[in-house]
J.: 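After the structure tokens below, expect a handful of questions from me.
All values below come from the heavy atoms of this structure, side chains included, with hydrogens, waters and symmetry mates left out. Labels below follow one simple rule: chain letters A, B, ... track the order of the sequence lines, proteins then strands, and each chain is numbered from 1.
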Amino acid sequence: MRNTVLRLIGWRLVAGVGVLWGAATLTFLVLYLTPGDPAQAIVGGENAAPTPEVIAQVTAEYGLDRPWYAQYLSHLVRVLRGDLGTSYRLHTPVTQAVGEQAGATVELAVAAAVVGLALAVTVALATAKRRRWIRGIASGSELTIASTPSFWLGILLLTVFSFGLRLFPATGSHGFSSLVLPALALALPIAGVLGHVLREALEEVLDEPFIVSARTRGLPDLTVRLRHALRHALVPLVTMSGYWVGALLGGAVITETLFTRQGIGRLLLSAVNAKDLPVVLGVVLLSAGVYVLVNLVVDLLYLVIDPRLRDVPAIARPAAEGAA
Amino acid sequence: MTTTRMAAAVLGAALLLAGCGTSDGTTTTTTTAAAGESTPRAGGTLILGENGQEPTCLDPHGNASSDGPVTTVPVADSLVWFGADGKLQPWLAERWKVSDDGLTYTFTLREGVKFHDGARWDAEALKTNFEHMKDPATKSPLAAAYIAPYEDSKVIDEHTLEVHLSSAYSPFLDILAQGYLGMISPKQIKEAPQTVCEHPIGSGPFVFDKWTKGQSITYHKNPDYNWGPKGAKHTGPAYLDGLEIRFLGEDATRYNALVAGEVNAIDFTPPQNVEEVKANPDLGFLTAVRPGHPMSFWLNTSRAPFDDVKVRQALLASVDRPTIIKGISFGQYEVAQGFVTSSTPGYAAGLEGTIAYDPAKAGRLLDEAGWTAKDADGIRTKDGRRLTAYFPIDPSFPAQRMQIAVQTQAAAKKAGIDIRIQTPSTQEVSDRSLAGDYDLASGLWATNTADVLWIQYSSKNITTDKRRGQNVARLSDDKVDELLQDARETTDAAERAELYNQAQARLIELVPAVPFYNDPRPVSFQKKVRDLAFTPAYPSPYFYDTWLDG
């Protein structure tokens with residue numbers, strides 16, 4: 001068992017390094033091949049009038065005049081050393097730029113994940129195998145919310161709760177009250193999808209013989225659902241973690257912009273617009289890293305949830321990549 | 001997997017941004033809150049909702065964002081103050097003398113001024129600042145170009161600096177009044193230049209506290225401040241204890257944040273909300289037309305079809321600019337009458353009304369230019385070629401400019417000109433701009449002198465392999481060059497005015513652009529905000545005299 005787990009972790013780490021290298025390479029290529037002179041991006045803009053001396057300084061300082069492979073290699077070497085370079089646009093180290101923004105995004109993502117998971121689990125538990133109309137309403141609203149774009153939900157929440165009722169501030173990252181609306185905007189679509197999947201899983205489980213036997217032992221409905229059914233229904237939830245972690249990262253871009261919050265999403269957006277290669281690389285590497293980590297944790301969670309898997313060789317295991 | 005998702009998310013957000021756009025508000029009338037009789041009261045923190053053009057660097061010399069000055073002027077004072085009447089007044093320079101040939105400026109500096117880190121303001125400090133602006137390591141996107149003729153300077157004594165220019169440059173002092181050329185502590189420039197972007201140290205009425213990127217900048221009062229500009233209403237420290245600038249990119253959010261009381265004032269009031277602000281008894285309104293070049297569509301004069309002046313004149317005559325501008329700005333924007341805005345010193349008011357909407361004239365001009373035939377779509381042709389013009393538009397384009405582009409396209413089509421609006425990526429737009437591969441391009445340039453015409457239309461400013469120039473129209477006209485160069489070099493104000501007058505008339509004949517509107521800076525605020533003002537050199541909110549009532 002211990003060997004299996006170690007091998008699993010080993011393989012995952014090897015794959016993870018591959019993913020990170022791929023991410024670094026791909027982003028480099030994409031940004032290198034898109035047209036546009038980074039030197040102009042660094043000191044350009046609608047109202048800018050950089051002198052030739054300034055352009056020359058920038059080109060030399062950032063090594064932009066070197067061939068692509070030299071730029072690529074020095075990028076990889078720096079990444080290996082944990083140095084993500086200096087932002088073209090912000091003139092600060094990328095690690096600092098990302099570090100300044102990471103806290104706010106983590107705060108938002110964790111809040112959204114907690115709210116989304118809690119909503120999904122509660123609604124699924126409460127509505128699985130209930131009357132047809134209850135399930136109909138739950139399922140209908142889940143699908144509606146899941147297919148509503150985040151920014152539209154965000155605008156709706158802003159209009160009602162911030163501009164209308166004035167219950168929550170519309171902007172900023174100051175404390176709990178400013179976290180409520182963005183977290184909801186990010187959490188609701190995730191809760192919609194997860195709730196839907198979770199209820200279907202619960203409904204399947206609730207038909208199993210062991211549930212029937214538990215009920216015949218006289219256990220109350222709630223206990224049956226919580227103690228016996230939920231454990232089985234958790235497998236699809238964990239399997240879908242790839243999806244919802246992705247949804248959290250991607251959704252942060254829109255949510256942070258809409259609610260004028262700090263965060264990595266906005267940092268990435270402005271970096272892409274400004275062709276700020278080091279920052280884009282840094283953020284992509286960070287999110288690839290998060291992905292690798294999440295997949296590793298998911299694999300380990302499978303072992304906890306389903307003890308039968310512990311005896312299967314790690315490589316033969318179905319990968320828990322999720323829907324993303 | 002991650003990359004795809006992130007890319008998709010970025011794309012989604014970019015589309016969202018493009019869809020929502022940003023906007024600038026306006027009106028020519030200046031309304032201030034009914035001034036109370038009460039005397040200024042010290043205390044409180046003012047929160048300003050700024051648009052989303054957050055600077056990437058808070059070194060005044062290191063940014064070119066239109067939000068740059070509003071964030072740096074609280075911290076960094078300027079050498080001179082540009083009055084609302086266009087006259088220069090002393091600030092950190094007590095007085096100055098210009099040599100007859102316009103090449104030597106001798107500044108006598110104010111005494112007793114101290115930077116926030118204790119460094120002293122003296123001739124050496126001014127010299128250090130000039131050198132910092134010019135130093136390529138500063139990577140100045142604007143200030144370096146504005147003082148391009150600066151050669152060197154000589155410290156005469158502790159409070160006197162002699163500055164040498166390589167060529168006569170009449171806008172020199174006016175430019176120095178802009179927030180982009182504010183003064184930074186020489187100690188910081190010498191000892192830790194890399195910190196200026198993140199944490200600028202100046203001598204201003206407010207001390208920089210913290211920059212929470214993507215969100216806000218905070219400042220606190222400088223209790224020792226006693227060197228405000230002569231144009232100010234009071235002396236001594238600022239009234240406000242603190243100042244916070246929050247970046248609220250979405251127009252609706254910014255306006256609603258003001259109405260809901262989350263912020264005390266907002267910059268760039270969305271034009272669709274200006275009437276609501278004026279009708280709201282709890283709010284006040286302040287606006288100024290930004291000096292410089294109006295928002296225009298530049299016509300690439302270096303290639304067909306706009307290399308033919310008659311085609312350019314025809315396009316200008318075919319567009320009903322007042323109707324378009326009234327529509328897209330909810331009646332808030334002032335229609336441009338030429339190639340500098342009405343608030344720019346040297347504006348040729350006598351030329352007002354010269355540009356007129358005249359579709360019949362447009363037709364005649366195109367006939368004269370040889371575009372006599374028409375194809376099945378009603379587009380004019382010459383020797384089998386269609387009269388087509390390409391207009392690459394950046395995805396981050398403000399929605400209003402896009403509306404102007406679409407309505408101009410419709411008007412041009414009636415005259416038989418086929419404007420093709422294209423929406424490639426930001427980088428492609430930028431590349432094509434450098435390569436001169438466009439027929440129309442849009443933009444504006446805010447600066448406090450008519451030298452903006454030299455920036456935009458001197459043949460010296462056409463982009464080449466070596467240098468990025470701002471002559472987007474790629475206009476090369478000997479007479480324009482001569483008039484603008486002479487205006488730049490003369491030390492005689494009356495002569496300069498006359499030269500600019502002639503240049504503006506000549507440009508209206510040449511039509512290097514279709515000018516649309518004079519860009520305003522509309523600020524709205526709660527009534528309790530008193531004495532909020534603009535720095536006229538580059539209109540942006542200025543908080544030295546501002547106080548909070550109750």
Side-chain angles (χ1 to χ4, degrees), chain A residues 23 26-27 34-37 40 42-58 89-92 97 100-101 151 158 162-163 166 169-173 246 249-251 253-254 256-258 260-263 265-269 272-273 275 283-284 287-288 291 321 324, chain B residues 1-3 5-10 12-14 16-17 49 52 56-57 62 64-66 136-142 144-146 148 194 197-198 212-216 246-250 252-253 256-257 259-260 262 396 425-428 430-431 434 443 445-446 455 466-470:
Chain A
L26 203 68
T27 354
T34 46
D37 176 5
Q40 293 286 352
I42 294 165
V43 283
E46 192 179 36
N47 292 320
T51 58
E53 294 77 22
V54 169
I55 295 282
Q57 163 79 22
V58 167
R89 195 174 58 93
L90 304 167
H91 310 303
T92 54
E100 279 169 4
Q101 306 293 325
F151 75 86
L158 273 176
S162 189
F163 303 152
R166 300 201 182 158
T171 63
S173 322
L249 292 176
V253 177
I254 291 162
E256 283 165 5
T257 307
L258 197 62
T260 325
R261 283 179 63 83
Q262 262 200 295
R266 283 182 78 199
L267 179 72
L268 177 65
L269 183 66
V272 167
N273 281 339
K275 211 177 160 82
V283 175
V284 169
S287 32
Y291 249 108
E321 308 294 292
Chain B
M1 194 158 62
T2 314
T3 321
R5 181 168 293 284
M6 292 310 286
V10 169
L16 168 69
L17 286 180
T56 54
C57 168
S65 155
S66 62
T138 305
K139 295 192 272 287
S140 166
L142 190 60
Y146 270 163
Q194 73 283 359
C197 269
E198 294 278 301
T212 310
K213 283 177 193 163
Q215 196 177 314
S216 61
R246 277 191 206 163
F247 298 99
L248 309 176
E250 293 296 324
T253 304
N256 280 295
V259 176
E262 271 183 53
S396 67
S425 70
T426 302
Q427 283 310 319
E428 196 181 329
S430 168
D431 274 18
L434 288 172
W445 191 279
I455 294 170
K466 292 208 169 50
R467 143 171 232 286
R468 179 166 204 154
Q470 289 297 331

J.: So which residue, B:Ser216, B:Ala137, B:Ala148, B:Gly469, ends up with the most heavy-atom pairs under 4.5 Å with chain A?
T.: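 Sorted descending by pairs with chain A, the first entry is B:Ala137.
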J.: Select one option (side chain, backbone, both, neither) describing which atoms of B:Glu198 are under 4.5 Å from chain A's heavy atoms.
T.: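 Contact with chain A: side chain only.
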J.: On a heavy-atom basis, which atom in B:Thr253 and which in A:Leu258 lie closest, and how many Å separate them?
T.: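 Minimum heavy-atom separation between B:Thr253 and A:Leu258: OG1-O, 4.1 Å.
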J.: Side chain from CB out, backbone as N, CA, C, O: work out which of these in B:Leu434 comes under 4.5 Å of a heavy atom of chain A, or both, or neither.
T.: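 For B:Leu434, the contact with chain A is made by the side chain alone.
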J.: Given side chains that start at C-beta, do those of A:Thr260 and B:Arg246 come closer than 4.5 Å, heavy atoms only?
T.: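 In short, these two side chains do not touch, never coming nearer than 4.5 Å.
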J.: Tell me the closest heavy-atom pair linking A:Arg266 and B:Gln215, and the distance in Å.
T.: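 Residues A:Arg266 and B:Gln215, closest heavy atoms: NH1-N, 4.4 Å.
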J.: Considering only heavy atoms, which portion of A:Ile55 lies under 4.5 Å from any heavy atom of chain B: side chain, backbone, both, or neither?
T.: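 Contact with chain B is absent: no heavy atom of A:Ile55 under 4.5 Å.
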J.: Any side-chain heavy atom of B:Val259 within less than 4.5 Å of one from A:Arg166?
T.: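 Touching, per the 4.5 Å side-chain cut-off.
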J.: Chain B heavy atoms under 4.5 Å from A:Glu256: which part of the residue, side chain, backbone, both or neither?
T.: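 For A:Glu256, there is no contact with chain B at all, as no heavy atom is under 4.5 Å.
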